[in-house]
Novice: 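Below is one structure. I have some questions about it.
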Amino acid sequence: MLRLEGKKTVVVGGGKVAERKVTGLLGTGSHITVISPNATDELKRLASCGMIGWLEKSFSKEDIEGAFLIFAATNNTELNQFIKMAASDQQLVTIADDPEGSDFHVPSHIQRGRLSIAVSTGGASPTLARQIREQLEQQFDEGFEDYLEFLFSARQRVLKEVKDGSRKRKILSAIASREFLNSPNREADFFRLLHNKRK
């Protein structure tokens, strides 16, 4: 997991694979540029909306200058390898058709507010990673967003107000239980727990 806010990210390629890479980068705060003479309709739409940059050209070495992450996502194996060789040692490159030669893999990912779950098969089967992600999306539904916000604020209060280490651990363990996840009166339950533990 990388913080990409303000970082330059280059995706070389304009097909469906490149589109998936770009879609996964949206919302990271990175400056995304696509390098390709052609692009899918969705990539064109994102470029026209100003959400990404699109250089409508063939790849050249200068295109990746200053890039933090580089995605070699063309349908040309030789070009993908050339992109990798053109990168400096300080740049991270992933190659769509060469997971073993890549510096990093992009996991299948779900986000539920503060909860972030990533699934990776190390490039063995993105399809399986996606299937597992879909199962996790059902297990960790949208209700976890509010629950994580509750846990965050409750933890801050416990750390500030409870001095005894043993009591602190018991409260933090209790609020991380399924009982609290499913409670319709979570805040009131927490207040009682915190009050009882102070006695």
Side-chain angles (χ1 to χ4, degrees), residues 1-7 9-13 15-32 34 40-43 45-46 49 51-52 68-73 75 80 92-159 168-190 193:
M1 294 184 185
L2 297 171
R3 292 188 183 277
L4 298 179
E5 187 79 33
K7 305 282 189 187
T9 304
V10 173
V11 178
V12 185
K16 286 294 184 183
V17 173
E19 181 184 308
R20 285 198 300 272
K21 304 302 183 188
V22 168
T23 302
L25 289 164
L26 295 174
T28 63
S30 66
H31 303 296
I32 308 163
V34 171
T40 65
D41 289 342
E42 177 63 9
L43 289 174
R45 185 190 70 79
L46 292 170
C49 294
M51 297 178 72
I52 65 171
F68 179 65
L69 288 186
I70 301 163
F71 293 77
N75 59 3
N80 287 343
L92 299 175
V93 183
T94 187
I95 309 168
D97 56 1
D98 184 12
E100 290 301 314
S102 298
D103 296 319
F104 68 97
H105 300 125
V106 179
S108 196
H109 178 246
I110 68 170
Q111 192 78 35
R112 295 289 187 244
R114 293 178 180 273
L115 178 64
S116 182
I117 303 174
V119 180
S120 174
T121 59
S125 177
T127 302
L128 177 60
R130 186 178 66 250
Q131 291 172 355
I132 295 171
R133 186 203 72 214
E134 289 169 356
Q135 293 171 12
L136 289 170
E137 283 175 336
Q138 295 175 13
Q139 183 178 350
F140 298 95
D141 60 18
E142 286 77 6
F144 274 81
E145 292 190 29
D146 289 339
Y147 181 50
L148 264 290
E149 286 303 322
F150 159 76
L151 286 177
F152 179 79
S153 60
R155 181 172 184 268
Q156 302 309 306
R157 283 194 62 186
V158 170
L159 294 178
K168 193 179 296 185
R169 284 189 295 275
K170 286 179 182 176
I171 296 173
L172 292 175
S173 177
I175 63 175
S177 68
R178 186 154 293 276
E179 180 183 351
F180 264 83
L181 168 64
N182 297 325
S183 173
N185 302 303
R186 196 178 288 149
E187 294 291 343
D189 292 344
F190 173 63
L193 182 65

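Since the model is a prediction, treat every value here as computed from it, not as a measurement.
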Novice: For P99 and H105, work out which heavy atoms get closest and say how close.
Specialist: O-NE2, 3.0 Å
Novice: Ring-plane angle category for F150 and F190, please: parallel below 30°, perpendicular beyond 60°, tilted otherwise.
Specialist: perpendicular
Novice: Enter the distance from D103:CG to I95:CD1 here, rounded to the nearest 0.5 Å.
Specialist: 7.5 Å
Novice: Where do T9 and F71 come nearest, in terms of heavy atoms and distance?
Specialist: CG2-CE1, 3.6 Å
Novice: Looking only at side-chain N and O atoms, does N80 offer a donor or acceptor that is under 3.5 Å from a partner on D97?
Specialist: yes
Novice: Do the side chains of V11 and L25 get nearer than 4.5 Å, heavy atoms only?
Specialist: yes
Novice: So does R155 have more than 12 non-hydrogen atoms from other groups sitting under 6.0 Å from CZ?
Specialist: no
Novice: Between R20 and V17, is there a side-chain heavy-atom distance shorter than 4.5 Å?
Specialist: yes
Novice: Say whether, by atom type as modelled, one donor and one acceptor occur between the side chain of T94 and the main chain of F104 under 3.5 angstrom.
Specialist: yes
Novice: Considering non-hydrogen atoms only, spot the tightest contact between R186 and L181 and give its length.
Specialist: NH2-O, 2.6 Å
Novice: Within a reach of under 6.0 Å around CD of E179, are more than 12 heavy atoms found that belong to other residues, nucleotides or ligands?
Specialist: no
Novice: So how far is it from S153 OG to L148 CG, rounded to the nearest 0.5 Å?
Specialist: 10.5 Å
Novice: Can you give me the closest heavy-atom contact between K16 and T40, atom names plus distance?
Specialist: N-CG2, 3.9 Å
Novice: Check whether T23 reaches the backbone of E19 with its side chain - one donor and one acceptor, N or O, closer than 3.5 Å.
Specialist: yes
Novice: Looking at Q156, I'd like to know if its CD atom is crowded, meaning that more than 12 non-hydrogen atoms belonging to other residues, nucleotides or ligands lie closer than 6.0 Å.
Specialist: yes
Novice: What's the separation between atom NE2 in H31 and atom CG in L4, rounded to the nearest 0.5 Å?
Specialist: 11.0 Å
Novice: Does R112 reach the main-chain N or O of E137 with its side chain, forming a donor-acceptor pair under 3.5 Å?
Specialist: yes
Novice: Say you draw a straight line from CD1 of I52 to CZ of R45; how long is it, rounded to the nearest 0.5 Å?
Specialist: 9.5 Å
Novice: When rounded to the nearest 0.5 angstrom, what distance separates CD1 in I110 from CD in Q138?
Specialist: 10.5 Å
Novice: Does NZ or CZ of K7 lie under 6.0 Å from the centre of the six-membered ring of F68, at an angle within 45° of the ring axis?
Specialist: yes
Novice: Looking only at atom types and distance, does a side-chain atom of S102 sit under 3.5 Å from a main-chain N or O of D98, one as donor and one as acceptor?
Specialist: yes
Novice: Measuring from E134:CD to S108:OG, what's the distance to the nearest 0.5 Å?
Specialist: 7.5 Å
Novice: Would you check if the side chain of S30 reaches a backbone N or O of I32 as a donor-acceptor pair within less than 3.5 Å?
Specialist: no
Novice: Compare every heavy atom of G15 with every heavy atom of L43, then report the nearest pair and how far apart it is.
Specialist: CD1-O, 4.2 Å
Novice: Closest heavy-atom contact between I175 and A154?
Specialist: CD1-CB, 3.8 Å
Novice: Name all residues meeting the ring pair (Phe, Tyr, Trp, His ring centres under 6.0 Å) criterion together with F140; count only those two or more places apart in sequence or in a different chain, and write none if there are none.
Specialist: F144
